[in-house]
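Shown next, in structure tokens, is the structure this report addresses.
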Amino acid sequence: MVNQKNILLGVSGGIAVYKACALTSKLVQKGANVKVIMTESAAEFVSPLTFQALSRNPVYIDTFDEKHPDKIAHIDLADWAEIALIAPATANIIGKLANGIADDMLSTTLLATQAEVYIAPAMNVHMYAHPAVIKNMKQLEQWGYHFIEPGAGYLACGYVGKGRLEEPESIIKVIESHQQREPFLSGKKVLISAGPTREQIDPVRFFTNRSTGKMGFALAEAAAEYGADVTLVTGPVAEKVTHSGIKIIDVTTAEQMYDAMHLHFKDQDIVIKSAAVADYRPKHIYGEKMKKQDGNWHIEMERTKDILQSLGEIKSGQYLVGFAAETTNPLEYGKKKLVKKNLDAIVINDVSSEGAGFGGDTNVVTYVNKLMKQDEVALASKKEIAEKILTFIDRDMKDEVQ
Ligand code: CTP
């Protein structure tokens with residue numbers, strides 16, 4: 001998949017620059033046309049000549065070192081690239097890109113390129129966990145940049161943890177499989193629910209849950225990337241979509257989510273309910289803020305409607321997928337929900353296991369279809385999990401497991 005592709009490799013300054021040499025060599029062996037831009041700090045670690053010899057192309061460092069008078073190098077490179085890969089990506093280059101700073105050859109070219117950009121970070125474990133770096137990576141992810149997560153292990157700075165540049169073979173594998181994406185959901189309508197619901201008590205208080213909407217938003221993004229026409233019904237969350245084609249419907253309560261899902265359900269091909277819907281809401285909503293009083297306050301709660309169950313009862317050809325958030329016996333409870341709610345598949349999520357569940361950027365799930373066939377998805381980013389779930393759904397729809 002990288003054969004004959006024009007790949008712009010951005011090398012920023014860290015000890016992992018030596019791995020970028022192997023990366024260049026492997027890409028060239030696979031038939032890619034590789035041009036390298038190094039930052040000045042990267043050139044402190046490895047000589048540009050090494051990259052020139054491996055890529056068989058001149059190496060760029062200085063924006064003003066124009067090699068051809070008839071061209072402006074950074075624009076020419078930006079336009080030439082079909083894929084841009086930053087490996088290793090330091091906290092500095094990530095920060096520059098996330099904030100639109102273009103003060104050297106690499107950052108300037110990256111702002112100018114329309115190519116799909118992959119970023120393989122490598123840095124000290126504490127730098128990788130710094131809120132500024134996390135914020136910058138999130139911003140870039142929201143803009144559609146793809147991250148190739150660093151591995152965990154011994155770091156050159158002496159620490160053991162996450163921050164080691166992913167191995168060149170794995171970086172290439174990620175890019176290849178990503179480039180192989182086919183728009184297999186093209187022409188399909190997909191309805192997704194995400195996030196928590198809020199059930200009001202009085203004008204200043206409400207009941208909610210820990211859902212952040214990350215899984216549902218990742219599903220919406222992935223479905224849109226696979227060519228689907230996506231409608232996303234979401235409770236109150238901080239997440240944002242990057243794909244311009246996704247239609248967003250904001251709701252607050254379980255009742256509003258019920259109405260929105262039913263309004264759009266009829267002409268959908270696939271419906272995925274990843275939202276964490278409140279099962280109960282206060283029976284009485286106070287019109288004014290409740291003042292505190294002596295003694296306890298008892299709030300009577302009433303059941304909300306089970307949206308997924310109600311969709312299962314009326315479905316007519318839609319491939320209906322639920323989520324099950326469990327803390328004990330996940331498979332047993334999850335499978336029961338699959339049958340009881342008349343679903344075509346369920347994504348079971350043991351929210352108590354490490355790396356899974358609410359808030360985080362990763363998940364571990366088991367996808368179970370109507371024939372009780374199980375597909376385990378090991379710890380991965382929510383985006384990767386979303387891609388896998390959609391692939392399973394597509395497979396089962398083609399096999400008519402419905
Ligand atoms: N769900 C729904 N409406 C509700 C409650 C849940 O549509 N009022 C959906 C969720 O979106 C999810 C699935 O049902 O896709 C399972 O939700 P979960 O909270 O795991 O289970 P519950 O059905 O609420 O059952 P329990 O509380 O017994 O675990």
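Order of appearance sets the numbers: ligands from 1, and atoms from 1 within every ligand.
- Between the side chains of Tyr60 and His74, no donor-acceptor pair of N or O atoms lies under 3.5 Å.
- The side-chain hydrogen bond (donor to acceptor under 3.5 Å, both in side chains) contacts involving residues 367-379 comprise Tyr319-Tyr367, Lys335-Gln374, Thr366-Glu376, Tyr367-Asp396, Asn369-Asp396, Gln374-Glu376, Asp375-Arg395, where partners must be two or more places apart or lie in separate chains.
- Legend: side-chain hydrogen bond (donor to acceptor under 3.5 Å, both in side chains) pairs involving residues 33-58, not counting sequence neighbours, sorted by first then second residue: Asn6-Asn33.
- Both tests pass for Lys305 against the ring of Tyr258: distance under 6.0 Å to the centre and angle within 45° of the axis.
- Closer than 4.0 angstrom to ligand 1 lie heavy atoms from Lys273, Ala275, Val277, Ala278, Asp279, Thr304, Lys305, Asp306, Ile307, Leu308, Gly322, Phe323, Ala324, Ala325, Lys337, Lys341.
- Each of Lys315, Lys341, His262 was scored for a side chain to side chain donor-acceptor pair (under 3.5 Å) with Ser310, with one residue passing: His262.
- Every side chain to side chain contact (heavy atoms under 4.5 Å, CB included) that Lys189 has, sequence neighbours left out, goes to Asp229, Asp267, Gln268, Asp269.
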